2 protein chains.
Amino acid sequence: MADTRTKLLDAALETLRTQGIAGVSARTIATAAGVNQALVFYHFGSVDELLAAACLYGSEQRVALYRERFAAVTSLRELLDLGRALHAEERAEGNVAALAQLLAGSQADAKLAPATAAGLTLWTAELEGVLNRVLSAGPLGEFVDVPGLAKATSAAFVGLELYEGVDPEGAARAFDALEQLGALVGVLEDMGPLATRAVRSHLRKAL
Amino acid sequence: MADTRTKLLDAALETLRTQGIAGVSARTIATAAGVNQALVFYHFGSVDELLAAACLYGSEQRVALYRERFAAVTSLRELLDLGRALHAEERAEGNVAALAQLLAGSQADAKLAPATAAGLTLWTAELEGVLNRVLSAGPLGEFVDVPGLAKATSAAFVGLELYEGVDPEGAARAFDALEQLGALVGVLEDMGPLATRAVRSHLRKAL
DNA sequence: GTCTATAGTCGGATAGAC
DNA sequence: GTCTATCCGACTATAGAC
């Protein structure tokens, strides 16, 4: 049986996911946790501070859960497959929806922004590692800014997660299109040495 | 001088942008509009219905503002430039931030979702037109699902907008990386007919 | 159409008993 | 550490005067 602190952290994430940032309050969270509302303030001082702590707690938990699978990726193709799986799993019970709500809340609440940024950084750091392995060695390595691409990917993931909430079929199709585009880049990575050299020199001239 | 209805619509968008979805209420919106709080209910019935109306109103307005510039785009390069400009302009006083907040709110509030989806569709429809012109004719035309890509682009835009709120430098870098990637695809579009045919047949085999 | 006034609910936060 | 009780401000929504 989890202690009250942990119950509140879990309940904060669940409430963010199910009620959104506009629906979180000390009362809604405490109800979800099955504890008294005053304990939010006893343990965390304020609702904002609970949300910030929950953001880090949840992100660390979920990123750790995926770490081995990230580490096992050796090609762009495998990365795209993992992205697809991750999206499905996170949507059901995951951390990305909570992160999206915190991100929306952070636009107006400066006290939330640092924690949200830190939570996102945990994901981007993991992604950066994989992208480095998968892209930097290949022919496209010199043309992509891996840290930037990792951030862009995380941001896009959040956007797609939110989009899925209002148009699930559209989001699925959007995801498919991105996967197509990724596969297209993957093909450039997998070409023979001759064609690789041709594309690479062409890119150097053009960019 | 705008009438009260319009003042409320504009104030709703402004409040969404500055206070976020968690900060909107009949009172905050009415204060921003400089009118009485009860008028929200007289003119729109409820706060949700005002937000839904404002979503459509704002999206139509902004999309119309960009229509000519979208129509003038003839290459992927130009599209990327327009995207960059659009991002900067929308961030300052635009519709994307409000759309992002509504999207976050729609996850928990089913009454908001249809209007948000409709607002997003106005953007994706415009994008689809441009992408069709720019991509469908080129060598990559058969490998990309343009409607899907349009939706993915809109979603990514929303994600980046939210990301910018917590990490402006990171967002700028993410944007740069995507632009790089876009330019890379643009190069594939601009290759000579011989190289084009080689890449195209290679893609056909691989995908 | 616009205002005041108000009912009733829910919110953050604290004091003090146990 | 946890609870009850409470203050007080903000919220949605409506009734009714102008």
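All values below come from the heavy atoms of this structure, side chains included, with hydrogens, waters and symmetry mates left out. All figures in this text were calculated on a predicted structure; none of them were measured in a lab. In what follows, every chain begins at residue 1, and chains take the letters A, B, ... in the order their sequences are listed.
Per the geometry, CG belonging to D48(B) stands 8 Å off P belonging to dA13(D), to the nearest Å. Nucleotide dC11(D) holds its P atom 10 Å from the CD atom of Q19(B), rounded to whole Å. As rounded to whole Å, 12 Å separates atom P of dG12(C) from atom NZ of K111(A). Separating the CG atom of L50(A) from the P atom of dG11(C) is a distance of 15 Å, rounded to the nearest angstrom. To the nearest angstrom, P of dC7(D) lies 17 Å from CZ of F41(A).
If you check every strand for non-hydrogen atoms under 4.0 Å, V47(B) touches sugar and phosphate atoms only.
Using a distance-only test at 3.5 Å, with no hydrogens or angles considered, a donor-acceptor pair links the side chain of Q180(A) to the main chain of D145(B).
By the 4.5 Å heavy-atom criterion applied to side chains, F44(A) and L39(A) are not counted as neighbours. The shortest distance between side-chain heavy atoms of R17(A) and Q107(B) does not fall below 4.5 Å. Within the 4.5 Å cutoff, the side chain of F70(B) has heavy atoms near those of the L86(B) side chain.
Both Y42(A) and T28(A) lie close to DNA chain C; mapped to their nearest nucleotides by heavy-atom distance, the more 5′-ward contact belongs to T28(A).
Neither OP1 nor OP2 of dG1(C) sits under 4.0 Å from any side-chain N or O of T4(B).
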Extract from the structure each pairing of a protein N or O with an N or O of nucleotides 3-9 of chain C at less than 3.5 Å, listing the distance.
unit_1 : atom_1 : unit_2 : atom_2 : d
dC3(C) : OP2    : N36(B) : N      : 3.2
dT4(C) : OP2    : N36(B) : ND2    : 3.1

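Exactly one of Y163(B), F175(B), Y66(B) qualifies for a ring-ring contact (aromatic ring centres under 6.0 Å, His included) with H87(B). That residue is F175(B).
The nucleotide whose nearest atom lies closest to any side-chain atom of S46(A) is, among dA13(C), dG11(C), dC11(D), dA13(C).
Using modelled atom types, one finds a donor on one side chain and an acceptor on the other under 3.5 Å when comparing S25(A) with T28(A).
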